[in-house]
Novice: 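My questions all concern the structure below.
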Amino acid sequence: MQSQLAQRLAQAVEKAIQDGEIPPLTVPEFIVEVPREKGHGDFATNLALMLAKPAKNAPRKLAEIIVNKLELAGTSVQKVEIAGPGFINFHLDPYWMHRVLLQVEEQGEHYGRVDLGEGTKVQVEFVSANPTGLLHMGNARGAALGDSLASILEFAGYDVQREYYINDAGNQIENFGRSLEARYLQQLGQDVPLPEEGYHGEDLIDTVKNFIQQYQDKYLNVDGATRREKLVQFALKEKLTAIKNTLLDFGVIYDVWFSEQSLHQSGAIEETIKELQQKGYIYEHENALWFKATAFGDEKDEVVVRSNGIPTYFAADIAYHKNKFQRGFQRVINIWGADHHGHVNRMKGSMEALGYNRDSLEIILMQLVRLLRGGEVVRMSKRTGRFVTLSELIAEVGKDAARYFFIMRSPDSHLEFDLDLAKSQTNDNPVFYIQYAHARICSIFRQLAERGGEKPTAKEVDLKVLQNEQEINLIRKLAHFPVEISMAAQTMAPHRIAKYLHELAGLFHSFYNSSRVIVDDPRLSAARLVLVNATGIVLRNGLRLIGVSAPEKM
RNA sequence: GUCCCGGUAGCUCAGUUGGAUAGAGCAACGGACUUCUAAUCCGUAGGUCGAGGGUUCGAAUCCUUCCCGGGACGCCA
């Protein structure tokens with residue numbers, strides 16, 4: 001409906017130009033939106049306002065010209081008016097929206113899909129936590145955000161792949177090995193210190209205990225390199241399995257687990273550096289190789305190969321992202337913690353250097369998470385390795401609340417995660433509020449079944465009996481769902497869906513409290529059941545996108 | 001010092017890419033259960049949109065200068 005109106009409006013302008021009522025110009029960008037104020041109609045456009053400057057004419061005057069040229073045959077527009085500084089408001093046939101109920105029912109779990117992406121290949125890479133420990137709150141936010149974004153993009157017509165990059169090579173693995181070695185020797189009674197820069201998390205003690213159970217002291221009296229290699233191999237496998245399982249519990253399933261090590265082994269890193277070298281973006285300084293990030297607007301250059309000959313993680317990352325583009329992704333989206341922001345420009349620069357469009361690599365930076373318990377900030381320490389893990393969080397508040405809380409705020413915003421609120425089963429908890437709406441809907445249909453009634457279908461029902469304020473508000477909201485999907489996909493903002501669902505649930509609760517669904521009048525009853533059913537479908541579709549379950553009973 | 005993010009109601013946050021009278025939830029206050037789930041609803045109150053300047057028909061939104069909070073500036077990842 002919105003795009004149809006936009007098209008007709010553009011045509012009207014063209015016609016006015018032909019007739020010489022508006023000077024020749026290209027039609028400016030304008031929007032057809034749902035006005036906040038209901039008095040402003042069902043749709044409104046700012047076209048005349050946007051046209052004012054290029055056409056050198058007063059907005060209201062232009063609005064009049066446009067309205068005169070506007071062809072509205074075949075639309076549901078009943079009345080057009082010019083308002084305020086020059087808005088054109090459209091009032092539609094009061095029942096136009098009711099048709100959306102037919103659509104919702106017909107399309108079911110597909111209602112809300114749009115074809116914004118037109119099959120564009122997109123990859124979303126998220127979490128990619130080092131397999132040297134457990135997942136923390138930052139990873140958790142990334143998991144919720146990345147998975148939801150991927151789902152939303154899919155729903156908006158993109159061909160989406162979810163990927164996890166396993167940092168199973170490089171410096172931190174060396175470090176990991178030395179930490180494991182220390183823990184191993186400690187367990188076997190030796191008094192050795194943990195490396196200063198090592199992994200201090202106590203989870204490594206358990207890992208080493210498991211190792212000992214299998215190998216005992218077999219690696220006590222071998223050379224360090226062998227011992228560390230064996231420990232690392234064992235620990236990586238264990239940690240990665242744990243991460244996979246936790247993410248699975250969180251409802252996140254990846255298409256691809258990509259190993260950094262494979263890039264080292266295949267020679268892809270070396271090859272990529274050579275390519276950059278040939279293009280003149282690599283130079284040597286103090287025995288190290290540097291990438292000319294400054295040539296691409298970054299503040300300073302960056303080392304790709306250390307003076308000891310070992311490539312940095314940056315070198316691996318360049319090779320990795322080149323690999324992504326080689327796999328044919330037209331958009332490559334990464335979700336990173338805000339602490340990686342310094343990495344953004346040089347990564348984009350490196351892609352530009354390799355001949356790709358820097359804007360095809362899109363980075364979403366998310367701000368930090370603060371946990372609150374009993375009104376107090378839960379202190380975490382990276383140094384001591386003491387923090388709340390994702391699996392602990394899931395155990396404490398449940399998957400649904402956790403996923404909702406992580407995506408309900410814009411990534412740009414620092415996230416305050418109130419554990420008590422997430423656990424509370426009261427109306428101040430938005431997750432329960434939404435789920436409760438769904439449970440109530442299911443309950444109505446259980447009730448109907450108990451009374452021997454049958455679920456009506458939209459086309460056999462007279463939807464025009466849905467006329468009260470609550471019914472109309474609810475229908476309007478359902479009609480808006482596809483637009484919401486487009487917006488969320490376009491701005492890569494899953495929190496919009498959370499907000500939408502909360503509002504939808506609110507409108508449903510209002511409706512529920514104002515009108516009984518199962519009533520004596522069979523026409524009214526049937527129409528309301530269709531409305532309720534449609535609401536249930538949209539709630540399920542939305543909740544599915546953000547990875548929250550839609551319980552039938554609470 | 002440079003760069004990034006934020007600053008909107010008591011609190012936590014939205015704000016449809018520059019639009020009409022700035023919104024929601026919680027907290028506060030006052031109401032509604034003989035009902036398909038009161039885990040709900042209805043109502044009231046609450047604002048110099050961090051501050052100043054600029055751009056224009058029109059600014060929370062854009063440009064600029066400051067202030068405050070968080071983060072990043074390594075041959076770590």
Side-chain angles (χ1 to χ4, degrees), chain A residues 29 31 33-37 39-40 44 46 49-50 52-53 58-60 83-87 89 128-130 132 167 170-172 175 197 285-290 298-300 302-308 310-314 316-317 337-345 365-368 370 372 408-416 418 421 424-430 432-433 435-437 439-448 450-451 470 480 483-484 486-487 490-491 495-496 498-499 502-503 505-506 508-519 528-529 532 553-554:
Chain A
E29 290 262 325
I31 53 171
E33 63 175 354
V34 179
R36 246 193 299 273
E37 284 289 323
H40 296 146
N46 62 349
L49 296 158
M50 302 304 285
K53 195 178 287 181
R60 284 195 70 109
F87 286 99
N89 294 342
S128 299
N130 283 344
T132 51
N167 296 105
N171 237 350
Q172 86 273 4
N175 203 344
E197 297 287 307
H285 175 66
E286 290 179 353
N287 289 326
L289 294 185
W290 296 69
D298 209 354
E299 284 170 53
K300 51 187 184 176
E302 186 73 14
V303 171
V304 283
V305 179
R306 300 187 189 94
S307 49
N308 62 10
I310 298 173
T312 60
Y313 92 108
F314 178 46
D317 239 13
D339 54 340
H340 285 64
H341 102 264
H343 194 44
V344 173
N345 263 326
L365 291 179
M366 45 173 195
Q367 300 298 316
L368 301 181
R370 240 174 14 150
L372 290 179
M408 74 178 171
R409 303 297 180 215
S410 148
D412 283 340
S413 160
H414 287 255
L415 179 68
E416 193 148 293
D418 187 331
L421 178 60
S424 83
Q425 310 212 339
T426 57
N427 61 352
D428 51 359
N429 185 341
F432 280 85
Y433 185 81
Q435 290 183 320
Y436 183 47
R440 271 184 153 173
I441 288 168
C442 295
S443 172
I444 291 169
F445 284 105
R446 276 195 299 273
Q447 193 61 224
L448 178 71
E450 265 175 45
R451 297 182 191 188
Q470 289 79 8
H480 207 239
V483 179
E484 207 61 50
S486 297
M487 290 302 306
Q490 236 164 58
T491 57
H495 69 274
R496 278 176 177 283
K499 189 166 176 273
H502 193 250
E503 286 165 358
F508 174 75
H509 286 308
S510 288
F511 159 75
Y512 182 93
N513 275 279
S514 71
S515 336
R516 278 191 70 78
V517 175
I518 302 172
V519 289
R528 284 185 176 159
L529 283 165
V532 167
K553 215 176 199 175
M554 290 174 77

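Each chain gets a letter, A, B and so on, in the order the sequences are listed, and its residues count up from 1.
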Novice: If I pick the C1' atom on B:C75 and the same atom on B:C68, what distance separates them, to the nearest angstrom?
Specialist: 36 Å
Novice: Partner of B:G10 by Watson-Crick or G-U wobble geometry, both contacts under 3.5 Å, or none?
Specialist: B:C26
Novice: Quick one: closest heavy-atom pair of A:Ser424 and A:Asn429, and the distance?
Specialist: O-ND2, 2.9 Å
Novice: Looking at A:Arg370, does any N or O in its side chain come under 4.0 Å of the phosphate oxygens OP1/OP2 on B:G70?
Specialist: no
Novice: Starting at the 5' end of RNA chain B, which residue's closest nucleotide do you reach first, A:Asn89 or A:Leu368?
Specialist: A:Asn89
Novice: Searching all strands shown, indicate the nucleotide that pairs with B:C36 (Watson-Crick or G-U wobble; both distances under 3.5 Å).
Specialist: none
Novice: Measure the distance from CZ on A:Phe511 to C1' on B:U35 and round it to the nearest whole Å.
Specialist: 14 Å
Novice: Output the single nucleotide from B:C36, B:U40, B:U12 whose closest atom is nearest the side chain of A:Val517.
Specialist: B:C36
Novice: Using a 4.0 Å heavy-atom cut-off across all strands, classify A:Ala44 as base, sugar-phosphate, or nothing.
Specialist: base
Novice: When you measure only distances, ignoring hydrogens and angles, does the side chain of A:His341 come within 3.5 Å of the base of B:C5 through a donor and an acceptor?
Specialist: no
Novice: Using atom P in both nucleotides, what's the gap between B:C41 and B:C73 to the nearest angstrom?
Specialist: 46 Å
Novice: For B:G25 and B:U40, measure between their P atoms and round to the nearest Å.
Specialist: 12 Å
Novice: Just call it for A:Asn130: base, sugar-phosphate, or nothing, with non-hydrogen atoms closer than 4.0 Å on any strand.
Specialist: sugar-phosphate
Novice: Using atom types as modelled and distance alone, determine if a side-chain donor or acceptor of A:Arg409 lies under 3.5 Å from a backbone N or O of A:His414.
Specialist: no
Novice: Would B:C67 be called syn or anti here, given the cut-off of 90° from 0?
Specialist: anti
Novice: Using atom P of each nucleotide, how far apart are B:A38 and B:U44 to the nearest Å?
Specialist: 24 Å
Novice: Using only side-chain N and O atoms of A:Tyr433, determine if any of them is under 4.0 Å from OP1 or OP2 of B:C41.
Specialist: yes
Novice: Expressed as a whole number of Å, how far does the C1' atom of B:C13 sit from that of B:C49?
Specialist: 13 Å
Novice: Using both distances under 3.5 Å as the test, list the Watson-Crick or G-U wobble partner of B:G47, or none.
Specialist: none
Novice: Give the rounded distance in Å between these two atoms: NZ of A:Lys300 and P of B:C3.
Specialist: 14 Å
Novice: Using a heavy-atom cut-off of under 4.0 Å over every strand shown, decide if A:Ala52 touches base, sugar-phosphate, or nothing.
Specialist: nothing
Novice: Among the candidates B:A77, B:A20, B:A72, find the nucleotide nearest to the side-chain atoms of A:Asp339.
Specialist: B:A72
Novice: Pick the closest RNA chain B nucleotide for A:Ile444 and for A:Asn345 by heavy atoms, then say which residue is nearer the 5' end.
Specialist: A:Asn345
Novice: By the 4.0 Å heavy-atom rule, please label A:Gln425 as base, sugar-phosphate, or nothing.
Specialist: base
Novice: Under 4.5 Å between any side-chain heavy atoms of A:Tyr512 and A:Val532, yes or no?
Specialist: no
Novice: Just N and O in the side chain of A:Asn171: are any of them under 4.0 Å from OP1 or OP2 of B:C76?
Specialist: yes
Novice: Distance between the C1' atoms of B:G58 and B:U12, in whole angstroms?
Specialist: 31 Å
Novice: Over all heavy atoms of both residues, which pair between A:Ala288 and A:Val303 is shortest? Give the atoms and the distance, please.
Specialist: CB-CG1, 4.3 Å
Novice: Please check this pair: side chain of A:Asn171 against backbone of A:Thr312, looking for a donor-acceptor N/O pair closer than 3.5 Å.
Specialist: no
Novice: Is the shortest side-chain heavy-atom distance between A:Asn46 and A:Phe87 below 4.5 Å?
Specialist: yes
Novice: Looking across every strand, which nucleic acid part, if any, lies under 4.0 Å from A:Ala83 by heavy atom: base, sugar-phosphate, or nothing?
Specialist: base
Novice: Can you tell me how far C1' in B:G70 sits from the matching atom in B:A28, rounded to whole Å?
Specialist: 31 Å
Novice: Rounded to whole angstrom, note down the P distance from B:G69 over to B:G54.
Specialist: 28 Å
Novice: B:A38 C1' sits how many Å from A:Phe432 CZ, rounded?
Specialist: 16 Å
Novice: Expressed in angstrom and rounded to an integer, what is the separation of A:Glu302 atom CD from B:G74 atom C1'?
Specialist: 8 Å
Novice: Within less than 4.0 Å of OP1 or OP2 of B:C42, is there a side-chain N or O belonging to A:Ser510?
Specialist: yes
Novice: Could you tell me whether A:Lys553 contacts a base, only the sugar-phosphate backbone, or nothing, with contacts defined as non-hydrogen atoms closer than 4.0 Å?
Specialist: base
Novice: Tell me which nucleotide among B:C36, B:U40, B:A77 gets nearest to the side chain of A:His509.
Specialist: B:U40
Novice: So does A:His414 reach the base of B:G6 with its side chain, donor to acceptor, closer than 3.5 Å?
Specialist: no
Novice: Base, sugar-phosphate alone, or nothing: which one does A:Ser515 contact when heavy atoms must sit under 4.0 Å apart?
Specialist: base
Novice: Whole angstroms only, please: what is the CD-P distance between A:Glu503 and B:G23?
Specialist: 13 Å
Novice: Donor-acceptor pair, A:Asn345 side chain versus A:Asp298 backbone, under 3.5 Å?
Specialist: no
Novice: Can you name the nearest heavy-atom pair linking A:Pro411 to A:His495, along with the distance?
Specialist: CD-ND1, 4.2 Å
Novice: Sub-3.5 Å donor-acceptor pair from the side chain of A:His509 to the main-chain atoms of A:Tyr433, do we have one?
Specialist: yes
Novice: Return no unless some side-chain N or O of A:Tyr436 is found under 4.0 Å from OP1 or OP2 of B:A39.
Specialist: yes
Novice: Should the pair A:Glu503-A:Lys499 be classified as a salt bridge under the 4.0 Å nitrogen-to-oxygen rule?
Specialist: yes
Novice: Side chain of A:Glu286 only, please: which of B:C75, B:A20, B:G74 is the nearest?
Specialist: B:C75
Novice: Examine A:Arg440 relative to A:Phe508 and say whether NZ or CZ is less than 6.0 Å from the centre of the six-membered ring and inside a 45° cone about the ring axis.
Specialist: no
Novice: Does the structure show a Watson-Crick or G-U wobble partner for B:C41, both distances under 3.5 Å? Name it, or say none.
Specialist: B:G31
Novice: How would nucleotides 14-19 of chain B be written as a contact map, 5' to 3', with B for base contact, S for sugar-phosphate-only contact and - for no contact, using protein heavy atoms under 4.0 Å?
Specialist: SSBB-B
Novice: Does B:U17 fall in syn (glycosidic angle within 90° of 0) or anti?
Specialist: syn
Novice: If you compare every side-chain N and O of A:Arg440 against the phosphate oxygens of B:A38 (OP1, OP2), does one of them come in below 4.0 Å?
Specialist: yes
Novice: Report the base-pairing partner of B:A59 (Watson-Crick or G-U wobble, both distances below 3.5 angstrom), or none.
Specialist: none
